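Proteins come first, then strands; the chains are lettered A, B, ... in the order of their sequence lines, and each starts at number 1. The model shown is predicted, which means the values in this text are computed figures rather than measured ones.
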Number of protein chains: 2
Amino acid sequence: MEMFNPPHPGETLKELYMKDYNLTIAKLALMLGISRKHLSNIVNCKVPISTEIALKLAKCFNTTPEIWLREQLAYDLWHARQTVNLDDVKVAF
Amino acid sequence: MEMFNPPHPGETLKELYMKDYNLTIAKLALMLGISRKHLSNIVNCKVPISTEIALKLAKCFNTTPEIWLREQLAYDLWHARQTVNLDDVKVAF
DNA sequence: CAACATTGTAACCTATTTGGTTACATATTT
DNA sequence: AAATATGTAACCAAATAGGTTACAATGTTG
């Protein structure tokens, strides 16, 4: 159970990939075939990376789609822990 | 990249957990605090396990939520690969 | 067999999410 | 100053997650 707020994969995309390849949001959006607005929302951590977009990133940057989705999963899970109430869930033993 | 259709986590839930603990769909739904219909859809592989439900399963069966979500991820990814068209995605190098 | 428990599913509903377009104002570079 | 790049608002559409209620079809068991 992670103690600290894991990074949003959009941050990784921006800092580790777009920076290295000198890609603007507008250029990369075109390359991926998604809207500039949506990519902007991704790199600003406003929306999650979907399975479909993970596949596109994977092809574009020659990664696995899993690295994007596992980072998204960690991010989502951390935030869900802060909000989901489990008090009424019964334990099975 | 997995060659074969990975199992839906609902199958695991049914075969490995509900069977062991002798839980019916109706009983477990109550314990988790979700509707019987929704749990039925999960164990019949009709709908995915959400982050929230993974947290509930984790508390109920004393697992990590990750085991449910990673299995879901593998399932989703495999199916997305069969449908998402990546032909128009440009490679960044 | 009769009674009961369990299940799948249909019909319906609501809120949220994913993604798009267009337009405009603000940065940031050159 | 001109050109480029960005954030974001106002829209919109399709899909998703999850709920309720009701009913028919199973299984199970006294």
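- The phosphate of C/dT18 (OP1 or OP2) has no side-chain N or O of A/K46 nearer than 4.0 angstrom.
- At the phosphate of C/dT18, neither OP1 nor OP2 sits under 4.0 Å from any side-chain N or O atom of A/S50.
- Among the atoms of the strands shown, none is found under 4.0 Å from any heavy atom of B/L39.
- Looking at every heavy atom in both residues, A/E66 comes nearest to B/L73 through CG-CD2, 4.3 Å.
- Proximity of a side-chain donor or acceptor of B/N85 to a complementary backbone N or O of B/D87 within less than 3.5 Å is detected.
- Between the side chain of B/K59 and the main chain of A/L86, a donor-acceptor pair closer than 3.5 Å is present.
- Whole-Å rounding puts the A/N41 CG to C/dT17 C1' distance at 12 Å.
- A/L28 has its CG atom 14 Å from the C1' atom of D/dA5, to the nearest Å.
- With rounding to whole Å, A/I34 atom CD1 is found 6 Å from C/dG20 atom P.
- Atom pair A/I49:CD1 and C/dT18:C1' shows a separation of 13 Å (rounding to whole Å applied).
- OP1 or OP2 of D/dG7 has at least one side-chain nitrogen or oxygen of A/S40 nearer than 4.0 Å.
- Looking at every heavy atom in both residues, A/T63 comes nearest to A/L57 through OG1-O, 4.2 Å.
- The closest donor-acceptor contact from the side chain of B/Q72 to the backbone of B/I49 lies under 3.5 Å.
- Here the C1' atom of nucleotide D/dA17 and the CG atom of A/D76 are 14 Å apart, to the nearest Å.
- The base of D/dG19 does not come close enough to the side chain of B/R36 for any donor and acceptor atom to sit less than 3.5 Å apart.
- For B/N22 and C/dT6, the CG to C1' distance is 13 Å, given to the nearest whole Å.
- A straight line from CG of A/L32 to P of C/dG19 spans 12 Å, rounded to a whole angstrom.
- Using a 4.0 Å cut-off, some side-chain N or O of A/T24 falls inside it from OP1 or OP2 of D/dT6.
- Of the candidate nucleotides D/dT6, C/dT9, D/dA17, D/dT6 has the atom lying nearest to any side-chain atom of A/I25.
- Within the structure, a side-chain polar atom (N or O) of A/N44 is placed less than 4.0 Å from OP1 or OP2 of D/dG7.
- Comparing C/dG20, D/dA17, D/dG7 by their nearest atom to the side chain of A/H38 picks out C/dG20.
- Counting to the nearest Å, the C1' atom of D/dG18 and the NZ atom of B/K56 are 10 Å from each other.
- Residue-to-nucleotide contacts include no donor-acceptor pair under 3.5 Å from the side chain of B/K37 to the base of C/dG8.
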